[in-house]
Structures are given as C-alpha cells and as structure tokens.
Amino acid sequence: MATKVNKKTKYIFITGGVLSSLGKGITSASLGLLLKERGLTVTIMKFDPYINVDTGTMNPKQHGEVYVTDDGAETDLDLGHYERFIQVPVTRQNSVSTGQIYFEVIQRERQGKYLGKTVQVVPHITDEIKRRMTTFDKKFDVVLIELGGTVGDIESMPFLEAARQLSLELGRANTLFIHLTYVPFIKSAGEFKTKPTQHSVRMLMEYGIQPDILVCRCEEDLEKDIKSKIALFCNVDEDAVVLALDAETIYEVPILYSKAKLDDIVVRKLHIQRTVKPSLTEWGKFVQRIKKPKYCVTIGFVGKYVQHQDAYKSILEALCHAGAVNNTHVEVKYIDSEQITTADAAAYAISGTDGIVVAPGFGARGVEGKILAIQYVREHLVPFFGICLGMQCAVIEFARNVCGLTHANSGEFKKVKHNVIDLMPDQRNITNKGGTMRLGSYPCVLKEGTKAFEAYQSHIIRERHRHRYEFNNDFREELESAGLVISGISPDARLVEIIELPHHPWFLGCQFHPEFKSVAVGGHPLFVSFIHAALAYHERTVHHRVLDNNHLLVRNTEEHAEHIGH
Ligand code: GLN
C-alpha cells in the first residue's frame with residue numbers, strides 16, 4: 001500500500017543503538033525545540049515496541065511514570081519531555097504501541113475487512129504502522145518519530161521496516177534517519193572505541209536503513225580522526241557525526257546540539273529553506289538559572305517509589321522549572337512513605353526540609369506514612385503540596401485529626417463509615433483496568449482570595465486528571481466548617497478539585513496532576529507558588545535550624561494552632 005502524503009511534511013526518524021537510556025527522548029525533544037525555534041511547526045511521536053495497549057496498566061517501577069495528555073491518553077514519559085521542551089500539547093495519536101497496532105489489525109480481521117487474506121506482519125502490521133506514522137501529515141512542517149527500543153530488538157523490527165518503506169515512498173529528500181549511539185571510553189586502553197557504533201549502524205543497514213546523521217553519546221570531545229573513522233565506516237558525511245556530550249542538565253542539550261549544528265544539518269539534508277537560526281535567548285536564561293541559582297531549598301518528596309525516580313518524572317521536572325522561576329536550586333530529599341510509621345519518624349524525616357510534596361499513587365501501601373507526614377507539616381506550618389493521592393491523604397488527615405472522624409479513610413483502602421474519599425458514582429460498575437479512570441483535561445473554577453487563585457490569577461483553569469476516587473460530598477460541609485477551604489471545583493460544583501488551609505503559610509492539595517502541564521520556561525503556577533513559599537519558609541527558619549544544630553526543628557506553633565483547627 002502506498003501511503004499518500006503531502007510532500008511538504010518532512011519526517012525525521014530517531015533510532016537508538018548499542019544500549020538503551022542514551023537519551024533518544026531528550027534528543028527528539030531538543031531537536032523539536034530547535035526546529036520550532038526556526039519557525040517550523042513541529043510535532044513528535046513515540047512508537048513503543050511493547051504489546052501493552054498503553055502505559056496505564058504498567059508498573060511505574062518498571063516503566064516510569066504514566067504521562068497523561070490533554071485528551072486523556074496514558075502514555076510514555078518521553079511524551080512529557082516533548083511537551084516540556086516544545087511547549088505544544090501532544091495528543092493520543094502521538095503515542096503508539098505495538099499493542100495498539102495489533103489491536104486495530106485484529107479487530108479489522110474479526111470484522112472481515114481483510115476479505116479472506118492471510119493477515120501478516122508485512123504488509124498488514126507495517127501498513128498500520130505507516131498509517132499512524134503519517135497521522136499528522138499536512139498538519140505540521142516536520143514530524144519527528146522516535147522509535148523506542150534499541151536496533152536489533154526483535155520487537156522493534158516492524159517499526160524499522162515501516163520506516164524504511166515510508167522513506168522509499170516519500171523520497172529521501174522528505175525523510176531523515178538520525179541514529180543515536182554510544183562511543184565508550186575504555187580506561188585500560190586509554191581510547192574511545194567506535195566498534196559498537198559501527199556494529200549498530202551495520203545492523204540498521206541490514207534492515208535497509210542508512211542513517212543520515214549519527215549522534216554519538218560520549219563523555220568527552222572526540223578527536224577529529226575518531227569522528228572521521230566513524231563517518232567512513234558508517235557511511236555518513238563527516239559533519240553529520242554529531243557529538244552529544246554529557247550535559248549538566250537535560251535542558252542544556254538543545255543548546256549543545258545547536259552549537260554542534262545538528263539543526264543546521266537537519267534542515268540542509270531535508271532541503272528546508274528560509275528558516276532562521278534559533279536564538280534560544282529565553283531558553284538560555286532558563287538554563288543559566290538552573291546552573292547558577294541564587295538560592296536553595298530542600299523539598300521532601302514523600303512517595304512509595306522513591307528508589308525509582310522515573311516514576312515521578314514530571315513532578316521532579318516541575319520542581320526544577322519552578323526553582324528556575326524563583327532563581328532557586330531545588331534539592332529533593334526522597335522520603336519513603338513506608339518508613340514513616342510514627343509521628344517521630346515523620347518529624348525526623350521532614351526535619352531540614354523547607355516544604356514537602358506528597359506524591360500521587362494507587363493502593364494502600366505507604367498511605368499511613370503519608371498521612372503522618374501531612375499531620376506533621378499541617379501542625380508545624382511547613383509548606384505542603386499534595387498531588388492527587390497526596391490531596392486525598394490531606395483530606396483524610398484533616399477529617400481524622402481536626403474533625404475527629406478518627407477512622408476516616410478512602411474507599412480505595414478500607415470501607416468505613418467515614419469514607420471522606422470515595423469512588424466516583426460513574427466508576428462504580430467499571431471492572432476493566434485499562435483506560436477507565438477519570439483521564440485527561442477538565443475545567444476547574446477557582447475561588448477568589450485563595451492561594452490557588454493567587455497562583456493562577458484566573459477564574460477558570462484546565463488541568464489533567466488520572467484517578468478513580470474523589471472527595472466525598474457527604475462530608476463537604478463538615479470539613480469546610482472545620483476550616484478546610486475548597487478553592488477549586490468542577491463547573492457543575494460536583495467535584496472538589498483543590499483544597500487548602502487559609503491560615504497555613506502554604507497547604508494545598510489538588511485532585512489533578514499539575515505536573516503534566518509544567519513547561520520548561522515559565523513552569524507551572526502552583527509549583528512556582530509552592531517553591532516561593534518554601535523559600536520564604538527557609539528564610540524564616542534557617543536561623544532556628546542553626547541554633548537547633550540540625551536536630552528536630554522545634555517551632556512555636558501554638559499561636560497558629562487555633563487557625564489550623566486545633
Ligand atoms: N488512587 C487514587 C485514585 O484512584 C489516586 C490516584 C493518583 O494519585 N493518581 O483516585
């Protein structure tokens with residue numbers, strides 16, 4: 001099947017060789033940014049080789065966080081990098097998995113649409129891949145397609161075959177292959193070794209793909225003769241061997257690629273005319289503030305996957321962006337919620353931090369630790385930011401310790417009389433796990449005079465959700481009269497989206513995931529406001545900390561106690 005495409009859309013495929021974790025996602029996002037800054041319209045797609053339909057059912061320990069798009073797709077975390085860098089929202093169609101491809105083809109087969117033919121990987125699976133690769137045809141000047149996995153993996157072969165065919169159909173002037181490889185330095189030999197790169201390119205060529213550009217990850221600058229050797233043996237132009245040296249921060253990568261002229265080579269090879277060299281002024285200032293910040297705060301991050309930081313990728317990036325806005329380095333102290341089993345343990349874990357984030361999550365494990373941590377920061381006036389489950393834990397804590405509903409809990413963990421968090425009515429009869437939560441972007445109305453309103457400076461906002469449980473309206477009045485302020489609510493007033501405590505320096509929980517909308521330059525209003533509060537807290541308490549010789553921070557909270565519900 002020849003795929004009909006408009007010649008004007010240019011396609012860039014990004015493959016990876018030698019080993020995984022070389023930064024294909026960051027490379028794609030960085031190149032996307034450089035091309036966008038040249039005045040081109042750009043989108044980035046990710047093709048993942050796994051058979052899961054999406055990441056929604058995958059364990060974050062294995063696969064990292066589940067990134068949610070505006071239209072409610074549960075995707076790979078690389079999609080988050082794309083949005084943070086190019087600052088253009090991606091959609092469900094930007095994230096494709098082998099599972100989706102097979103699902104579609106098998107459904108079609110069941111409907112008899114293949115008219116009795118034998119359904120095969122080539123051409124039926126590859127045709128479906130090509131159909132999806134050209135989804136954005138005519139809608140963007142450039143479509144970058146990151147192919148997940150490493151060249152040589154059995155699973156990714158159909159993607160490579162589809163990319164090869166597409167390149168043949170569209171012509172080499174409209175398609176470009178960038179291969180990311182690794183050039184290791186072998187200490188005992190005192191040399192950089194190019195053989196792994198040669199082998200991975202050879203493997204790519206076995207699939208009929210000749211890379212146009214090689215991006216070589218290496219720890220130090222390569223001498224000219226090594227670059228020449230790579231170019232000669234891998235059959236690429238010498239100036240198309242681009243080095244990717246380790247960067248201090250991922251946000252420096254676009255600047256390094258721009259210096260290495262990656263975008264120049266791309267536009268030249270794709271015959272894209274009349275573009276301007278990107279200035280990256282604002283981006284450069286942002287990177288400078290990350291590299292040389294004026295201030296520093298420590299944020300305690302309370303979660304159950306703290307050994308697996310990819311599980312919270314977007315939150316950590318959002319903290320970094322908000323730090324840059326506040327000219328502040330955000331040092332993250334990981335606090336395993338399962339280790340917090342007593343009030344003393346909470347106090348110990350939180351001491352020395354200037355604010356805590358309580359993470360999203362599923363299941364009862366670690367929840368009691370989160371609740372103890374929240375009690376401590378509420379009572380000791382330490383800035384608190386609860387996200388999704390973090391907000392739900394704050395509601396439970398308030399119900400238990402301020403309203404005296406001692407056994408209050410979420411219906412997710414225990415069926416009790418006071419399920420202050422409970423299943424949403426439209427979730428009650430759902431049994432399937434994949435794609436069935438409240439997902440994607442929803443509007444939320446903010447109440448004037450609250451911290452949320454102050455941060456957003458807007459009456460209505462849109463944020464992304466991923467949850468099944470919700471604030472139980474049966475307890476709204478009771479909690480509100482005890483001092484909890486509902487500062488964000490769905491337009492029909494049915495769903496509580498943000499809660500806060502007015503007499504606390506900064507205590508806010510949101511049912512949505514603000515981290516998914518934090519962009520590199522500018523950050524996200526709630527994160528920016530939270531870091532600002534943490535900075536103020538740091539300045540107020542640093543004196544005490546020195547006096548206390550870094551022991552437990554003992555602060556006089558009595559004067560505030562009545563305001564926070566004691
Ligand atoms: N487990 C909770 C729910 O389903 C919270 C989900 C989350 O933190 N993303 O409502």
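Counting starts at 1 for both ligands and their atoms, following the listed order. Here the structure is a predicted model, which is why all the values come from computation and not from measurement. Values below: all heavy atoms of this structure, side chains included; hydrogens, waters and symmetry mates excluded.
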Close side-chain approach of I340 and Y376, heavy atoms under 4.5 Å =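 Side chain of I340 against side chain of Y376, heavy atoms only: no contact under 4.5 Å found.
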Is any side-chain heavy atom of Y456 closer than 4.5 Å to a side-chain heavy atom of L446?
->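 Side chain of Y456 against side chain of L446, heavy atoms only: contact under 4.5 Å found.
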Nearest-contact summary for [atom] - protein heavy atom, Å:
{"atom": "atom 2 (C) of ligand 1", "answer": "E412 OE1, 3.2 Å"}
{"atom": "atom 7 (C) of ligand 1", "answer": "C388 SG, 3.0 Å"}
{"atom": "atom 4 (O) of ligand 1", "answer": "R468 N, 3.0 Å"}

Determine, for Y442 and R438, whether the Lys NZ or Arg CZ falls below 6.0 Å from the six-membered ring centre while staying within 45 degrees of the axis.
->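 Satisfied, under 6.0 Å and within 45°.
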Is a side-chain N or O of [X] found less than 3.5 angstrom from the main chain of [Y], in a donor-acceptor match?
{"X": "D354", "Y": "L535", "result": "no"}
{"X": "K36", "Y": "L31", "result": "no"}
{"X": "T342", "Y": "A345", "result": "yes"}

Should the proximity of H513 to ligand 1, defined as any heavy atom under 4.0 Å, be assigned to the side chain, the backbone, both, or neither?
->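 H513 to ligand 1: side-chain contact only, backbone stays beyond 4.0 Å.
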Going by heavy atoms, is Q392 under 4.0 Å from ligand 1?
->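 Flag set, Q392 near ligand 1.
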Which of the atoms in ligand 1, numbered in the order shown and given with their element, are less than 4.0 Å from a heavy-atom of R466?
->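 Listed by number with element, the hits are 6 (C), 7 (C), 9 (N).
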Out of G390, G361, P360, who gets a non-hydrogen atom closest to atom 5 (C) of ligand 1?
->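 Looking at heavy atoms only, the winner is G361.
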